[in-house]
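By convention in this document, chain letters (A, B, ...) are assigned in the order of the sequence lines, proteins followed by strands, and residues within each chain are numbered from 1.
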Amino acid sequence: MAIRMTKPWTPLTSENVKKLPGQLGVFQLADDAGKVVFIGFAGGRSLFGVRSELEKALAELPAGATQFRVEINQQYTTRYQELLMVHVYDHGGIPAGNVGKPLPRLGRLSPV
Amino acid sequence: MNFEPSEEQKAIVAQVRRFVREEIVPLEDKLDPDASELPEDERTRLVDKVKAMGLYGLDIPAEFGGPGIDMSTRVLLAIEMGQHRAGLYVPCYGVFGAAGLAQLYEATDEQKEKYLHPMLRGEKRAFFGLTEPSGGSDPARAIRTRAVKTNEGWTINGSKVFISGADKADFGLVFARTDPEKGRGGVTCFIVETSWPGFHVRRIVHTLRSSHYATELAFDDLKVPHSAVLGEVNKGFAIANERLSRQRIPYAAQCLGPAYKAHELAIDYAKQRETFGAKLASRQAIQWMLVDNEIDLRQATLMCLAAAGKCDAREPFRMEAGLAKLVASEAAGRVVDRSMQIFGGYGMTKDFPFERWYRELRIRRVGEGPNEVQRHVVARDLLGDSLR
(Lines give C-alpha, C1' and ligand atoms only; values in the text may rest on other atoms or scores of the structure.)
Protein backbone atom coordinates (compact mmCIF):
# COMPACT_ATOMS: atom_id res chain seq x y z
CA MET A 1 0.00 0.00 0.00
CA ALA A 2 1.45 3.35 -1.01
CA ILE A 3 1.78 5.85 1.80
CA ARG A 4 -0.04 8.52 -0.23
CA MET A 5 -3.41 7.93 -1.93
CA THR A 6 -2.87 7.87 -5.66
CA LYS A 7 -6.21 6.77 -7.10
CA PRO A 8 -7.81 9.03 -9.71
CA TRP A 9 -10.34 11.58 -8.50
CA THR A 10 -14.09 11.11 -9.04
CA PRO A 11 -16.52 14.06 -9.32
CA LEU A 12 -18.26 14.57 -5.97
CA THR A 13 -21.86 14.13 -7.06
CA SER A 14 -24.82 12.45 -5.44
CA GLU A 15 -24.92 9.85 -8.23
CA ASN A 16 -21.29 8.88 -7.80
CA VAL A 17 -21.60 8.69 -4.02
CA LYS A 18 -24.63 6.40 -4.33
CA LYS A 19 -22.48 3.90 -6.20
CA LEU A 20 -20.06 3.56 -3.30
CA PRO A 21 -20.00 0.36 -1.20
CA GLY A 22 -21.04 0.27 2.45
CA GLN A 23 -17.58 -0.73 3.65
CA LEU A 24 -15.21 0.91 6.09
CA GLY A 25 -12.27 2.97 4.91
CA VAL A 26 -10.77 6.40 4.35
CA PHE A 27 -11.40 9.14 1.83
CA GLN A 28 -10.08 12.45 0.58
CA LEU A 29 -11.93 15.42 -0.88
CA ALA A 30 -10.19 17.81 -3.27
CA ASP A 31 -10.84 21.01 -5.20
CA ASP A 32 -10.84 21.29 -9.00
CA ALA A 33 -7.03 21.47 -9.06
CA GLY A 34 -6.65 18.26 -7.05
CA LYS A 35 -5.61 20.01 -3.82
CA VAL A 36 -6.79 17.94 -0.85
CA VAL A 37 -9.25 19.96 1.26
CA PHE A 38 -10.48 17.24 3.63
CA ILE A 39 -9.43 13.80 4.88
CA GLY A 40 -12.00 11.58 6.59
CA PHE A 41 -12.81 8.02 7.48
CA ALA A 42 -15.78 5.70 7.75
CA GLY A 43 -15.48 3.82 11.02
CA GLY A 44 -17.30 0.98 12.70
CA ARG A 45 -20.25 3.18 13.65
CA SER A 46 -20.90 4.49 10.12
CA LEU A 47 -24.30 3.31 8.97
CA PHE A 48 -23.25 2.49 5.40
CA GLY A 49 -19.49 2.96 5.58
CA VAL A 50 -17.81 5.28 3.08
CA ARG A 51 -21.12 5.86 1.29
CA SER A 52 -22.67 7.36 4.46
CA GLU A 53 -19.63 9.49 5.17
CA LEU A 54 -19.52 10.86 1.63
CA GLU A 55 -23.25 11.59 1.82
CA LYS A 56 -22.54 13.61 4.96
CA ALA A 57 -19.75 15.42 3.13
CA LEU A 58 -22.16 16.28 0.32
CA ALA A 59 -24.63 17.71 2.85
CA GLU A 60 -21.96 19.81 4.59
CA LEU A 61 -19.51 20.40 1.79
CA PRO A 62 -16.04 21.54 2.87
CA ALA A 63 -15.08 24.71 1.01
CA GLY A 64 -13.85 23.99 -2.50
CA ALA A 65 -14.55 20.24 -2.49
CA THR A 66 -15.53 19.03 -5.95
CA GLN A 67 -13.90 15.60 -6.20
CA PHE A 68 -13.27 12.57 -4.01
CA ARG A 69 -11.42 9.28 -3.79
CA VAL A 70 -11.88 6.43 -1.34
CA GLU A 71 -9.82 3.52 -0.10
CA ILE A 72 -11.61 0.54 1.44
CA ASN A 73 -9.56 -0.28 4.49
CA GLN A 74 -10.30 -2.13 7.73
CA GLN A 75 -7.41 -0.26 9.29
CA TYR A 76 -9.24 3.01 8.84
CA THR A 77 -8.06 4.47 12.16
CA THR A 78 -4.34 4.18 11.57
CA ARG A 79 -4.64 4.89 7.83
CA TYR A 80 -6.59 8.08 8.58
CA GLN A 81 -3.84 9.24 10.93
CA GLU A 82 -1.19 8.32 8.40
CA LEU A 83 -2.87 10.35 5.64
CA LEU A 84 -3.14 13.37 7.93
CA MET A 85 0.52 13.07 8.97
CA VAL A 86 1.70 12.73 5.38
CA HIS A 87 -0.37 15.80 4.48
CA VAL A 88 1.31 17.75 7.27
CA TYR A 89 4.72 16.61 5.99
CA ASP A 90 3.92 17.51 2.37
CA HIS A 91 2.04 20.76 2.95
CA GLY A 92 2.98 21.98 6.42
CA GLY A 93 -0.47 21.56 7.95
CA ILE A 94 -3.72 19.61 7.97
CA PRO A 95 -6.25 20.15 5.15
CA ALA A 96 -8.38 23.28 5.52
CA GLY A 97 -11.58 21.26 5.94
CA ASN A 98 -10.14 19.37 8.95
CA VAL A 99 -9.28 22.55 10.86
CA GLY A 100 -11.52 22.97 13.90
CA LYS A 101 -12.80 19.39 13.76
CA PRO A 102 -11.91 16.73 16.40
CA LEU A 103 -8.55 15.22 15.52
CA PRO A 104 -6.45 12.41 16.97
CA ARG A 105 -3.11 13.36 18.44
CA LEU A 106 -0.84 13.39 15.38
CA GLY A 107 2.78 12.30 15.29
CA ARG A 108 5.56 13.43 12.97
CA LEU A 109 6.48 11.47 9.87
CA SER A 110 9.40 12.07 7.54
CA PRO A 111 8.81 9.58 4.73
CA VAL A 112 11.50 9.09 2.13
CA MET B 1 1.61 -20.45 48.12
CA ASN B 2 -1.60 -18.61 49.05
CA PHE B 3 -3.44 -17.06 46.11
CA GLU B 4 -6.40 -15.77 48.09
CA PRO B 5 -6.50 -11.96 47.77
CA SER B 6 -6.21 -10.00 51.01
CA GLU B 7 -9.09 -7.81 52.23
CA GLU B 8 -7.17 -4.74 51.04
CA GLN B 9 -6.66 -6.26 47.60
CA LYS B 10 -10.34 -7.18 47.37
CA ALA B 11 -11.33 -3.59 48.21
CA ILE B 12 -9.01 -2.08 45.57
CA VAL B 13 -10.17 -4.58 42.95
CA ALA B 14 -13.83 -3.81 43.72
CA GLN B 15 -13.12 -0.09 43.40
CA VAL B 16 -11.45 -0.52 40.01
CA ARG B 17 -14.19 -2.90 38.81
CA ARG B 18 -16.80 -0.25 39.62
CA PHE B 19 -14.73 2.39 37.83
CA VAL B 20 -14.46 0.28 34.66
CA ARG B 21 -18.15 -0.60 34.58
CA GLU B 22 -19.55 2.81 35.56
CA GLU B 23 -17.08 5.16 33.87
CA ILE B 24 -15.27 3.44 31.02
CA VAL B 25 -17.81 1.09 29.46
CA PRO B 26 -20.62 3.71 29.07
CA LEU B 27 -18.15 6.15 27.47
CA GLU B 28 -16.84 3.47 25.16
CA ASP B 29 -20.31 2.79 23.80
CA LYS B 30 -20.16 6.21 22.10
CA LEU B 31 -16.66 5.85 20.64
CA ASP B 32 -15.51 4.26 17.40
CA PRO B 33 -15.01 0.50 17.96
CA ASP B 34 -11.31 0.96 17.20
CA ALA B 35 -10.80 4.02 19.39
CA SER B 36 -7.72 4.16 21.56
CA GLU B 37 -8.09 7.69 22.93
CA LEU B 38 -10.77 9.45 24.96
CA PRO B 39 -11.92 12.99 24.20
CA GLU B 40 -9.62 15.33 26.16
CA ASP B 41 -12.30 16.61 28.56
CA GLU B 42 -13.36 13.08 29.51
CA ARG B 43 -9.77 12.01 29.92
CA THR B 44 -9.02 14.91 32.26
CA ARG B 45 -12.13 14.17 34.32
CA LEU B 46 -11.26 10.49 34.69
CA VAL B 47 -7.58 11.12 35.48
CA ASP B 48 -8.74 13.38 38.34
CA LYS B 49 -10.99 10.58 39.60
CA VAL B 50 -8.17 8.06 39.50
CA LYS B 51 -5.88 10.48 41.36
CA ALA B 52 -8.59 10.88 44.00
CA MET B 53 -8.69 7.07 44.30
CA GLY B 54 -4.93 7.13 44.99
CA LEU B 55 -4.20 4.84 42.07
CA TYR B 56 -2.64 7.19 39.52
CA GLY B 57 0.73 6.05 38.17
CA LEU B 58 0.15 2.41 39.12
CA ASP B 59 3.47 1.22 37.74
CA ILE B 60 5.59 4.01 39.14
CA PRO B 61 7.70 2.94 42.13
CA ALA B 62 6.81 4.60 45.44
CA GLU B 63 10.17 6.45 45.58
CA PHE B 64 9.22 8.24 42.36
CA GLY B 65 5.73 9.17 43.53
CA GLY B 66 3.68 6.10 42.57
CA PRO B 67 1.24 4.33 44.88
CA GLY B 68 3.76 1.52 45.49
CA ILE B 69 1.55 -1.38 44.47
CA ASP B 70 3.04 -4.87 44.70
CA MET B 71 3.08 -7.17 41.67
CA SER B 72 0.32 -9.47 42.97
CA THR B 73 -2.08 -6.56 43.34
CA ARG B 74 -0.93 -5.26 39.96
CA VAL B 75 -1.93 -8.59 38.39
CA LEU B 76 -5.41 -8.43 39.94
CA LEU B 77 -5.85 -4.85 38.76
CA ALA B 78 -4.60 -5.63 35.25
CA ILE B 79 -7.33 -8.27 34.96
CA GLU B 80 -10.01 -5.78 36.08
CA MET B 81 -8.75 -2.83 34.04
CA GLY B 82 -8.82 -4.82 30.82
CA GLN B 83 -12.49 -5.74 30.94
CA HIS B 84 -13.70 -3.44 28.18
CA ARG B 85 -13.35 -3.16 24.41
CA ALA B 86 -10.02 -1.30 24.31
CA GLY B 87 -8.86 -2.98 27.51
CA LEU B 88 -6.19 -5.28 26.13
CA TYR B 89 -3.79 -2.64 24.87
CA VAL B 90 -5.27 0.54 26.33
CA PRO B 91 -6.64 -0.44 29.74
CA CYS B 92 -9.02 2.32 30.84
CA TYR B 93 -7.63 4.46 28.00
CA GLY B 94 -4.54 5.20 30.05
CA VAL B 95 -6.27 7.25 32.75
CA PHE B 96 -4.38 5.33 35.44
CA GLY B 97 -1.18 6.91 34.07
CA ALA B 98 1.85 5.21 32.64
CA ALA B 99 5.20 4.33 34.13
CA GLY B 100 6.92 5.27 30.89
CA LEU B 101 10.37 3.81 30.44
CA ALA B 102 11.25 1.91 33.59
CA GLN B 103 14.86 1.70 32.39
CA LEU B 104 15.23 5.38 33.29
CA TYR B 105 14.97 4.56 36.99
CA GLU B 106 18.61 3.52 36.59
CA ALA B 107 19.57 6.86 35.00
CA THR B 108 21.98 9.45 36.39
CA ASP B 109 20.51 12.32 38.43
CA GLU B 110 21.02 14.65 35.50
CA GLN B 111 19.24 12.26 33.12
CA LYS B 112 16.42 11.77 35.60
CA GLU B 113 15.93 15.52 35.86
CA LYS B 114 15.92 15.99 32.10
CA TYR B 115 13.92 12.93 31.04
CA LEU B 116 12.46 10.75 33.82
CA HIS B 117 10.70 13.38 35.92
CA PRO B 118 9.07 15.23 32.98
CA MET B 119 7.97 11.84 31.63
CA LEU B 120 6.39 10.82 34.94
CA ARG B 121 4.66 14.21 35.15
CA GLY B 122 3.19 13.54 31.70
CA GLU B 123 5.06 16.46 30.13
CA LYS B 124 7.28 14.36 27.88
CA ARG B 125 6.57 11.23 25.87
CA ALA B 126 9.06 8.46 25.24
CA PHE B 127 9.61 5.39 23.06
CA PHE B 128 11.57 2.16 23.47
CA GLY B 129 13.74 1.35 20.44
CA LEU B 130 15.05 -2.20 20.55
CA THR B 131 13.67 -4.29 17.66
CA GLU B 132 15.30 -4.03 14.23
CA PRO B 133 14.38 -5.29 10.75
CA SER B 134 16.98 -8.02 11.30
CA GLY B 135 14.99 -9.41 14.25
CA GLY B 136 13.40 -8.72 17.58
CA SER B 137 13.47 -12.02 19.46
CA ASP B 138 17.24 -12.12 19.77
CA PRO B 139 18.15 -8.45 20.07
CA ALA B 140 21.60 -9.11 21.48
CA ARG B 141 22.66 -10.64 18.18
CA ALA B 142 20.21 -8.99 15.79
CA ILE B 143 21.10 -5.38 16.61
CA ARG B 144 22.87 -3.89 13.61
CA THR B 145 22.38 -0.23 14.42
CA ARG B 146 25.90 1.04 15.04
CA ALA B 147 27.11 3.74 17.39
CA VAL B 148 30.65 4.93 16.81
CA LYS B 149 32.51 6.99 19.39
CA THR B 150 33.79 10.43 18.39
CA ASN B 151 35.44 13.26 20.28
CA GLU B 152 32.09 14.97 20.82
CA GLY B 153 30.06 11.86 21.66
CA TRP B 154 28.63 9.13 19.45
CA THR B 155 27.32 8.90 15.90
CA ILE B 156 24.45 6.47 15.34
CA ASN B 157 23.43 4.91 12.01
CA GLY B 158 20.80 2.22 11.43
CA SER B 159 17.11 1.53 11.75
CA LYS B 160 14.43 0.16 14.07
CA VAL B 161 11.02 -1.30 13.35
CA PHE B 162 7.79 -2.06 15.27
CA ILE B 163 8.48 0.87 17.58
CA SER B 164 5.40 2.28 19.32
CA GLY B 165 4.89 5.97 19.81
CA ALA B 166 8.18 7.22 18.34
CA ASP B 167 6.38 9.69 16.07
CA LYS B 168 4.74 11.39 19.06
CA ALA B 169 7.68 11.09 21.46
CA ASP B 170 10.07 13.75 22.70
CA PHE B 171 12.82 11.21 23.32
CA GLY B 172 13.44 7.50 23.45
CA LEU B 173 15.86 4.74 24.28
CA VAL B 174 17.82 3.43 21.32
CA PHE B 175 19.91 0.28 21.64
CA ALA B 176 22.92 0.27 19.36
CA ARG B 177 25.95 -1.91 18.80
CA THR B 178 29.09 -0.28 20.16
CA ASP B 179 31.35 -3.34 19.92
CA PRO B 180 30.75 -5.58 16.89
CA GLU B 181 32.95 -8.32 18.32
CA LYS B 182 30.90 -8.94 21.45
CA GLY B 183 27.31 -10.24 21.10
CA ARG B 184 25.16 -9.15 24.00
CA GLY B 185 28.19 -7.54 25.61
CA GLY B 186 28.55 -5.07 22.77
CA VAL B 187 25.24 -3.22 23.00
CA THR B 188 24.77 0.22 24.56
CA CYS B 189 21.57 2.08 25.41
CA PHE B 190 21.34 5.76 24.36
CA ILE B 191 18.79 8.39 25.25
CA VAL B 192 17.91 10.03 21.94
CA GLU B 193 15.84 13.17 21.45
CA THR B 194 13.52 13.04 18.47
CA SER B 195 14.31 16.64 17.50
CA TRP B 196 18.01 15.86 16.96
CA PRO B 197 19.13 16.00 13.30
CA GLY B 198 19.40 12.52 11.80
CA PHE B 199 16.38 11.09 13.62
CA HIS B 200 13.58 10.08 11.21
CA VAL B 201 10.22 8.32 11.49
CA ARG B 202 10.15 6.82 8.02
CA ARG B 203 6.78 5.10 7.98
CA ILE B 204 3.83 3.72 9.86
CA VAL B 205 3.55 -0.04 10.19
CA HIS B 206 -0.12 -1.07 10.04
CA THR B 207 -0.98 -4.28 11.87
CA LEU B 208 -3.91 -6.41 13.00
CA ARG B 209 -4.18 -4.00 15.86
CA SER B 210 -5.90 -1.46 13.69
CA SER B 211 -6.47 1.04 16.49
CA HIS B 212 -2.75 1.66 16.83
CA TYR B 213 0.30 1.67 14.61
CA ALA B 214 3.96 0.97 15.07
CA THR B 215 6.68 2.96 13.34
CA GLU B 216 9.88 2.37 11.45
CA LEU B 217 12.81 4.59 12.40
CA ALA B 218 15.98 5.58 10.59
CA PHE B 219 19.11 7.12 12.11
CA ASP B 220 21.30 8.93 9.60
CA ASP B 221 24.51 10.17 11.23
CA LEU B 222 22.54 10.93 14.37
CA LYS B 223 24.98 12.64 16.74
CA VAL B 224 24.42 12.19 20.47
CA PRO B 225 26.51 13.52 23.37
CA HIS B 226 28.43 11.32 25.82
CA SER B 227 25.81 12.20 28.42
CA ALA B 228 23.20 10.33 26.34
CA VAL B 229 24.57 6.93 27.36
CA LEU B 230 22.18 5.22 29.80
CA GLY B 231 24.07 3.04 32.24
CA GLU B 232 27.44 1.84 31.00
CA VAL B 233 28.87 1.41 27.53
CA ASN B 234 28.41 -2.18 26.27
CA LYS B 235 25.99 -3.01 29.10
CA GLY B 236 22.77 -1.94 27.41
CA PHE B 237 21.42 -5.43 26.94
CA ALA B 238 21.17 -6.01 30.70
CA ILE B 239 19.13 -2.80 31.02
CA ALA B 240 16.69 -4.04 28.39
CA ASN B 241 16.50 -7.60 29.62
CA GLU B 242 15.90 -7.08 33.32
CA ARG B 243 12.94 -4.77 32.88
CA LEU B 244 11.44 -6.86 30.08
CA SER B 245 11.16 -9.88 32.40
CA ARG B 246 9.36 -7.80 35.00
CA GLN B 247 6.97 -6.24 32.49
CA ARG B 248 6.03 -9.70 31.26
CA ILE B 249 3.90 -10.38 34.35
CA PRO B 250 1.36 -7.53 34.04
CA TYR B 251 1.53 -8.05 30.25
CA ALA B 252 0.34 -11.63 30.82
CA ALA B 253 -2.40 -10.58 33.24
CA GLN B 254 -3.66 -7.93 30.82
CA CYS B 255 -4.47 -10.71 28.34
CA LEU B 256 -6.95 -12.08 30.83
CA GLY B 257 -9.07 -8.94 31.25
CA PRO B 258 -10.85 -9.19 27.88
CA ALA B 259 -10.99 -12.98 28.26
CA TYR B 260 -12.84 -12.74 31.58
CA LYS B 261 -15.25 -10.24 30.04
CA ALA B 262 -15.80 -12.40 26.95
CA HIS B 263 -16.55 -15.38 29.19
CA GLU B 264 -19.01 -13.35 31.26
CA LEU B 265 -20.80 -12.13 28.12
CA ALA B 266 -20.92 -15.68 26.71
CA ILE B 267 -22.48 -17.05 29.92
CA ASP B 268 -25.15 -14.32 29.93
CA TYR B 269 -25.89 -14.91 26.25
CA ALA B 270 -26.12 -18.69 26.64
CA LYS B 271 -28.72 -18.20 29.35
CA GLN B 272 -30.88 -15.99 27.10
CA ARG B 273 -30.47 -17.25 23.55
CA GLU B 274 -32.80 -20.03 22.39
CA THR B 275 -32.27 -22.45 19.50
CA PHE B 276 -34.61 -25.26 18.48
CA GLY B 277 -36.82 -24.57 21.49
CA ALA B 278 -34.18 -24.61 24.22
CA LYS B 279 -31.69 -22.22 25.76
CA LEU B 280 -28.10 -22.45 24.49
CA ALA B 281 -27.09 -23.03 28.10
CA SER B 282 -28.89 -26.38 28.06
CA ARG B 283 -26.71 -27.70 25.19
CA GLN B 284 -23.77 -29.81 26.20
CA ALA B 285 -21.66 -28.39 23.36
CA ILE B 286 -22.07 -24.91 24.83
CA GLN B 287 -21.62 -26.06 28.42
CA TRP B 288 -18.31 -27.68 27.57
CA MET B 289 -17.06 -24.56 25.84
CA LEU B 290 -17.89 -22.54 28.94
CA VAL B 291 -16.20 -25.09 31.20
CA ASP B 292 -13.10 -25.01 28.99
CA ASN B 293 -13.13 -21.21 29.28
CA GLU B 294 -13.30 -21.51 33.04
CA ILE B 295 -10.37 -23.94 33.12
CA ASP B 296 -8.27 -21.70 30.86
CA LEU B 297 -8.99 -18.60 32.92
CA ARG B 298 -8.30 -20.20 36.28
CA GLN B 299 -5.06 -21.85 35.15
CA ALA B 300 -3.74 -18.68 33.56
CA THR B 301 -4.69 -16.51 36.52
CA LEU B 302 -2.87 -18.81 38.91
CA MET B 303 0.22 -18.78 36.68
CA CYS B 304 0.23 -14.97 36.69
CA LEU B 305 -0.20 -14.84 40.46
CA ALA B 306 2.55 -17.44 40.95
CA ALA B 307 4.97 -15.29 38.91
CA ALA B 308 3.88 -12.16 40.79
CA GLY B 309 4.34 -13.92 44.14
CA LYS B 310 7.93 -14.80 43.29
CA CYS B 311 8.60 -11.26 42.09
CA ASP B 312 7.15 -9.80 45.31
CA ALA B 313 9.24 -12.23 47.38
CA ARG B 314 12.35 -11.03 45.49
CA GLU B 315 13.03 -14.54 44.27
CA PRO B 316 14.14 -15.32 40.69
CA PHE B 317 11.02 -15.17 38.52
CA ARG B 318 12.20 -15.23 34.90
CA MET B 319 10.84 -18.72 34.25
CA GLU B 320 7.52 -18.00 35.97
CA ALA B 321 7.11 -14.73 34.05
CA GLY B 322 7.75 -16.52 30.75
CA LEU B 323 5.32 -19.30 31.61
CA ALA B 324 2.65 -16.81 32.69
CA LYS B 325 3.04 -14.85 29.47
CA LEU B 326 2.74 -17.83 27.17
CA VAL B 327 -0.07 -19.55 29.08
CA ALA B 328 -2.14 -16.37 29.52
CA SER B 329 -1.78 -15.19 25.93
CA GLU B 330 -2.76 -18.59 24.52
CA ALA B 331 -5.57 -19.21 27.02
CA ALA B 332 -7.09 -15.77 26.45
CA GLY B 333 -7.11 -16.35 22.69
CA ARG B 334 -8.98 -19.63 23.15
CA VAL B 335 -11.51 -18.09 25.56
CA VAL B 336 -12.35 -15.23 23.22
CA ASP B 337 -12.57 -17.63 20.27
CA ARG B 338 -15.03 -19.93 22.09
CA SER B 339 -17.07 -16.97 23.32
CA MET B 340 -17.37 -15.66 19.75
CA GLN B 341 -18.56 -19.09 18.66
CA ILE B 342 -21.30 -19.05 21.30
CA PHE B 343 -22.39 -15.60 20.09
CA GLY B 344 -22.64 -16.84 16.50
CA GLY B 345 -22.92 -14.14 13.83
CA TYR B 346 -23.14 -11.32 16.38
CA GLY B 347 -19.76 -12.39 17.72
CA MET B 348 -18.17 -11.40 14.42
CA THR B 349 -19.63 -7.88 14.28
CA LYS B 350 -18.26 -4.57 15.44
CA ASP B 351 -21.42 -4.22 17.54
CA PHE B 352 -19.61 -6.36 20.12
CA PRO B 353 -16.01 -6.18 21.33
CA PHE B 354 -15.02 -9.78 20.51
CA GLU B 355 -13.61 -9.06 17.05
CA ARG B 356 -11.20 -6.43 18.44
CA TRP B 357 -10.09 -8.73 21.26
CA TYR B 358 -9.66 -11.60 18.79
CA ARG B 359 -7.39 -9.56 16.51
CA GLU B 360 -5.41 -7.93 19.28
CA LEU B 361 -4.93 -11.11 21.30
CA ARG B 362 -3.27 -12.74 18.32
CA ILE B 363 -0.49 -10.20 18.62
CA ARG B 364 0.08 -11.11 22.27
CA ARG B 365 1.49 -14.50 21.28
CA VAL B 366 4.27 -12.63 19.46
CA GLY B 367 4.67 -9.40 21.49
CA GLU B 368 7.06 -9.15 24.47
CA GLY B 369 8.93 -12.19 23.19
CA PRO B 370 7.18 -14.81 21.03
CA ASN B 371 5.79 -17.79 22.93
CA GLU B 372 8.32 -20.05 21.22
CA VAL B 373 11.10 -17.93 22.73
CA GLN B 374 9.40 -18.14 26.14
CA ARG B 375 9.39 -21.94 25.76
CA HIS B 376 13.04 -21.80 24.77
CA VAL B 377 13.90 -19.77 27.89
CA VAL B 378 11.98 -22.16 30.13
CA ALA B 379 13.65 -25.17 28.50
CA ARG B 380 17.04 -23.55 29.09
CA ASP B 381 16.22 -23.07 32.78
CA LEU B 382 14.96 -26.65 33.07
CA LEU B 383 17.80 -28.34 31.21
CA GLY B 384 20.65 -26.04 32.06
CA ASP B 385 24.12 -27.11 30.96
CA SER B 386 22.88 -30.25 29.21
CA LEU B 387 21.75 -28.04 26.29
CA ARG B 388 25.33 -27.08 25.46
Practice task
Mark yes when over 12 heavy atoms from residues, nucleotides or ligands other than B:Tyr358 sit less than 6.0 Å from its OH; otherwise mark no.
Solution key: no
Problem - B:Glu216 versus chain A, the contacting section by heavy-atom distance below 4.5 Å - result: neither
Fill in the blank from the handout: Expected contact set for residues 103-112 of chain A against chain B at heavy-atom separation under 4.5 Å reads A:Pro104, A:Arg105, A:Leu106, A:Gly107, A:Arg108, A:Leu109, A:Ser110, A:Pro111, A:Val112
Practice task
Give a yes or no on whether A:Arg69 atom CZ has more than 12 heavy-atom contacts from other residues, nucleotides or ligands under 6.0 Å away.
Solution key: yes
Practice task
Report, by ascending residue number, the residues of residues 80-102 of chain A in heavy-atom contact with chain B at a distance under 4.5 Å; give 'none' if the set is empty.
Solution key: A:Gln81, A:Glu82, A:Met85
Practice task
Look up atom CZ in B:Arg359 and atom CD in A:Gln75, then write down how far apart they are to the nearest 0.5 Å.
Solution key: 8.5 Å
Practice task
Tell me, yes or no, whether the heavy-atom count around B:Glu193 atom CD, taken from other residues, nucleotides or ligands under 6.0 Å, exceeds 12.
Solution key: yes
Exercise for the section: Spell out the residues in residues 8-27 of chain A that have some non-hydrogen atom less than 4.5 Å away from a non-hydrogen atom of chain B, in order of number; otherwise answer 'none'. Expected result: A:Leu24
Handout entry: Contacting region of B:Ala35 [heavy-atom separation from chain A under 4.5 Å]
Key = neither
Handout entry: Within 6.0 angstrom of B:Tyr213 OH, more than 12 heavy atoms from elsewhere
Key = yes
Problem - Selection from B:Arg125, B:Glu40, B:Arg209 maximising heavy-atom pairs under 4.5 Å formed with chain A - result: B:Arg125
Exercise for the section: For each of B:Glu37, B:Arg203, B:His200, tally heavy-atom pairs with chain A at distances under 4.5 Å, and name the one with the top tally. Expected result: B:Glu37
Handout entry: Neighbour count above 12 (heavy atom, 6.0 Å) for B:Gln341 CD
Key = no
Exercise for the section: Select one option (side chain, backbone, both, neither) describing which atoms of B:Ser36 are under 4.5 Å from chain A's heavy atoms. Expected result: neither
Handout entry: Interface residues of residues 40-47 of chain A facing chain B - heavy atom cut-off under 4.5 Å
Key = A:Phe41, A:Gly43, A:Gly44, A:Arg45
